[in-house]
Structures are given as structure tokens and as C-alpha cells.
Amino acid sequence: MRYLIDKLYENNELTQFELEELLCNLSEEDRDYLIDKAYEVRQRSYGKTVFFRGLIEISNICKCDCFYCGIRASNCKASRYRLSKDEILDSCHRGYSLGYRTFVFQGGEDSYFTDELLEDIIKTLKREYSDIAITLSLGERGEKSFRRLYEAGADRYLLRHETVDENLYNRLHPKMSLENRKKCLEALKEIGYQVGSGFLIGLPGLQMKDYAKDLIFLKKLKPHMVGIGPFIPHEDTPLKSEKGGTAYDTITLLAIIRLLLPDVLLPATTALGTIDPKGREKGFKAGANVIMPNLSPMEYRKKYALYNGKVFSGKESAEEKLKIESGVIEAGFEPILTRGDNIRWKRK
Ligand code: 5AD
């Protein structure tokens, strides 16, 4: 397998067949070698930096019914909330004074968040602060909406493709289509956003070799950011008895993504930190270079439960940031709070 790892390291590319080979036949030693190579590339692209993004979970109301997700529309046990404009602005003000310069607004597909309202929030923040980036993670919207929010000042958009296996996609996402997902991603790129996509690891029925297709999809899309994480079953969803993904596989895939897309912004996700207390640190060593601490108002945090056991420190944002920063430093990395754009991107 070393031959394939070297080839991937040198060319930032492998065929689907080669990726399948690699994913299926990786011994422990090969995997260590892969992780060392990914670490080297990470160092070359971004040094020892870990970019901090303040995550604000603006709503857990969602019209979608994704089988794996705790805030799916059919989960009547979920206690629903949405943040007001002032609560969102306050969270950003708090974040700004802590040093954050990227704010990520994440939420379910909640029609309360109209283009007008989001535009107002984005413009207000961009008037107040000239040195911040705004990332949206609000699911599928129309092209016009994406364009309007970009023109209002949004800089980045996260929309995972979740899985590129069309049959599985259709089974897990009622009334949605992979085709529309891809259309949204293309539109976002065309408009000028820094675009993030990614997939879930360990969805029912998937084997390691199946991620070759997701990797090829990402390589073609050339996203500026990639978010991957283990699927973690949620007790009030149809997938409650399934197994879920492992930290081991997630870290292997982080390393492969770092080699495929050397300058990508790659978070060590909360889901990875949830299934392995050292997961995020291991992720940084395998090529990840972003972390997204929670800035949502305390009283809502427990309600944004996409999966069971989501790490919840109970700490206020300031204390949480200090704890995460010292973890990052202890692991040998350097926390950075500036905008941290992808080195390939300039606003159109
Ligand atoms: N386990 C892990 N990740 C999940 N997400 C949704 N539900 C789960 C789950 N049960 C992820 C999806 C989505 C992101 C915001 O959260 O990949 O894109």
C-alpha cells in the first residue's frame, strides 16, 4: 500500500479503483505512514495552525426528515427552538470579544429564516465588524437565495453531500435528491462562496471501500472546506439501533482527504470528539486544521442534539474556548482566531 500512499502524496490524486484498494488493504503500519504523510502536507499548507470558528446553532426546527438526524421533522420528542435576531447578534458580539473572527450559523431548514431576515443579520454584522467571515450552514436553498446572502456579505457555505451512494441517499433523505444537493453545491461555487461539503462515516450498509466514491466526488468538486464525521445513532430516529461510525475510520479518511486536497480547510468535528475524547487531537495529527467551538446561548445548547452524547461541557463560551485552546496547544498546535480563509479564495 505504500506505493499508493506515495502516489497520492505526490500527485494528490488516485483513481476510484486505487482508492478502493487503499481503503480495503490498509495495515496498521500503512495507516501510520499515511497519517505521517498527511501531517507533512498539513504542515506545508498551514503550518501548525488550528483555525477557530464560533458555531451558533440558530434553529433546530427542520422540514427535512433525514433518518439519522435527531432534529428531523418527525422527531416529536425534540424540544424545538429558534434564536431571535438579537440572540444571534449577541452571540456574535460575545464571540467577537473573545477573539473569534468567523461565525458559523448552523440550523435546520427552518422557513422562519427568510432571505430578508438573514440579509439583515449578515449586513448588520458586516457593518459592525470589517474583519469577520460569516459561514452559513442552513441546508438547501434556491440559487437566488444563495446569491442574495452572498451579496449581503456571507463568505462561506457548508452543505455536506452526506453520501454519494444514490440508493442510500434516497433511503435516508425522504423527498430529497442527491441531484439537487449537487446542484446547490455547484451554484454556491459559481456564486463565489468558499464551499464546504463532506460525508458521514458509518452509515448503515456502507463499507470502507464505498467511501472511494465520496472521495472522487470531493476531488472533482474541489471544495474549500470538507466536513466529515462519524454517524452517531440518535435514540429518537429510525437508525437508533444501528452501529455508527468509528473514530479510527474517520481519522483514516481525514488523512486521505488532506492528501487529495492539500489546501482544504478540514475540521476535527464535534462528532469525532464525541466518540473519542482524544479524537480531535488525533484528527489534527492526521491533517485536520479547524475546530468549531460552540457559541450558542447556553440555554439552547442541549436542544441542538443531532446525535446522542454530543459533547456538552456545560461551560460558558469563554471557559470552553480556553479549555479547547489548551488542548490544541498541548497536542502541539497553534490556535488561530483570524478569518482563516482558504488560501485559494478571493471574494468575487
Ligand atoms: N451523527 C453524526 N452526524 C450527524 N449529522 C446529522 N445527524 C448526525 C448523526 N446522527 C451531521 C450531518 C449534517 C451535519 C450538520 O450534522 O452530516 O450535515
Side-chain angles (χ1 to χ4, degrees), residues 55-84 87-88 91 104-114 117-118 136-141 157-178 180-181 184 196-206 227-247 250 267 269-275 292 294-314:
L55 178 66
I56 302 163
E57 296 156 338
I58 66 171
S59 171
N60 72 353
I61 298 172
C62 192
K63 73 169 170 24
C64 302
D65 218 10
C66 310
F67 272 39
Y68 44 78
C69 184
I71 65 166
R72 65 199 303 265
S74 305
N75 181 10
C76 38
K77 289 201 186 150
S79 151
R80 305 287 172 170
Y81 75 90
R82 59 168 69 101
L83 301 189
S84 67
E87 285 173 315
I88 295 173
S91 304
V104 183
F105 299 163
Q106 187 175 93
E109 294 197 12
D110 178 358
S111 56
Y112 172 83
F113 285 97
T114 58
L117 175 56
L118 289 167
L136 304 177
S137 177
L138 301 171
E140 296 179 15
R141 304 176 76 94
Y157 206 103
L158 305 176
L159 186 72
R160 291 185 179 173
H161 68 275
E162 314 293 0
T163 174
V164 89
D165 179 318
E166 195 146 8
N167 284 328
L168 185 63
Y169 191 95
N170 290 337
R171 261 189 286 142
L172 298 181
H173 303 98
K175 296 196 212 115
M176 294 173 80
S177 77
L178 185 58
N180 196 53
R181 201 80 174 170
C184 288
S197 197
F199 56 94
L200 281 165
I201 293 149
L203 285 174
L206 288 185
I228 61 163
F231 152 59
I232 305 173
H234 184 291
E235 61 194 344
D236 303 315
T237 63
L239 302 187
K240 62 177 176 216
S241 313
E242 298 291 339
K243 252 179 67 201
T246 64
T250 304
T269 53
T270 311
L272 177 58
T274 296
I275 56 167
M292 295 162 68
N294 201 322
L295 270 186
S296 309
M298 284 308 269
E299 61 266 40
Y300 301 109
R301 286 195 199 174
K302 277 207 175 121
K303 298 187 176 176
Y304 198 79
L306 304 183
Y307 44 81
N308 279 1
K310 187 173 161 208
V311 276
F312 174 72
S313 64

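Since we're looking at a predicted model, the values are computed, not measured.
Looking only at atom types and distance, the side chain of N294 has a donor-acceptor partner in the side chain of S296 under 3.5 Å away. Side chains of S79 and K303: a donor on one and an acceptor on the other come within 3.5 Å.
In summary, E162 and R181 engage in a salt bridge, as defined by a charged side-chain N under 4.0 Å from a carboxylate O. Salt-bridge formation is not detected for the pair R301/E57: no Lys NZ or Arg NE/NH1/NH2 atom is positioned less than 4.0 Å from an Asp or Glu carboxylate oxygen.
The distance from the CD1 atom of I58 to the CG atom of L118 is 5.5 Å, given to the nearest 0.5 Å. Atoms CG and CD1, from L117 and I88 in turn, are 6.5 Å apart once rounded to the nearest 0.5 Å. Residue H161 holds its NE2 atom at 5.5 Å from OG of S197, rounded to the nearest 0.5 Å. Distance OG/S177 to CD/E166: 8.0 Å, rounded to 0.5 Å. The CG atom of L138 sits 8.0 Å away from the CZ atom of F113 when rounded to the nearest 0.5 Å. Distance check: T163 OG1 to L168 CG gives 5.0 Å after rounding to the nearest 0.5 Å.
Here the closest heavy-atom approach between residue G202 and residue F231 is recorded as O-CD2, 3.3 Å. For the residue pair T237 and C69, the shortest heavy atom distance occurs at CG2-O, 3.4 Å. The two residues I71 and R80 make their nearest non-hydrogen contact at O-NH1, 2.9 Å. In this structure, P233 and G244 approach most closely via the heavy-atom pair CD-CA, 4.1 Å. The shortest heavy-atom contact between L306 and Q106 is CD1-OE1, 4.4 Å. Between L239 and F67, the shortest heavy-atom contact is CG-O, 3.6 Å.
By the 30° and 60° cut-offs, the orientation of the rings of Y300 relative to Y81 is parallel.
Remark: side-chain polar atoms of S137 are not paired, donor with acceptor, to backbone N or O of F105 under 3.5 angstrom. Side chain of Y157 to main chain of G139: a donor-acceptor pair is present (N/O by atom type, distance under 3.5 Å, no hydrogens or angles). Side-chain atoms of H234 do not come within 3.5 Å of backbone N or O of N308 as any donor-acceptor pair. At least one donor-acceptor pair under 3.5 Å links the side chain of R160 to the backbone N or O of G227. Distance alone, capped at 3.5 Å, places no donor-acceptor pair between the D236 side chain and the N75 backbone. Listed for the E242 side chain is no donor-acceptor partner under 3.5 Å among the backbone atoms of L203. For the pair R72 (side chain) and C66 (backbone), a donor-acceptor distance under 3.5 Å is present.
Taking 4.5 Å as the limit, every side-chain heavy atom of Y112 sits out of range of all side-chain heavy atoms of I61. Residues E140 and M176 meet the side-chain proximity criterion, which asks for heavy atoms closer than 4.5 Å.
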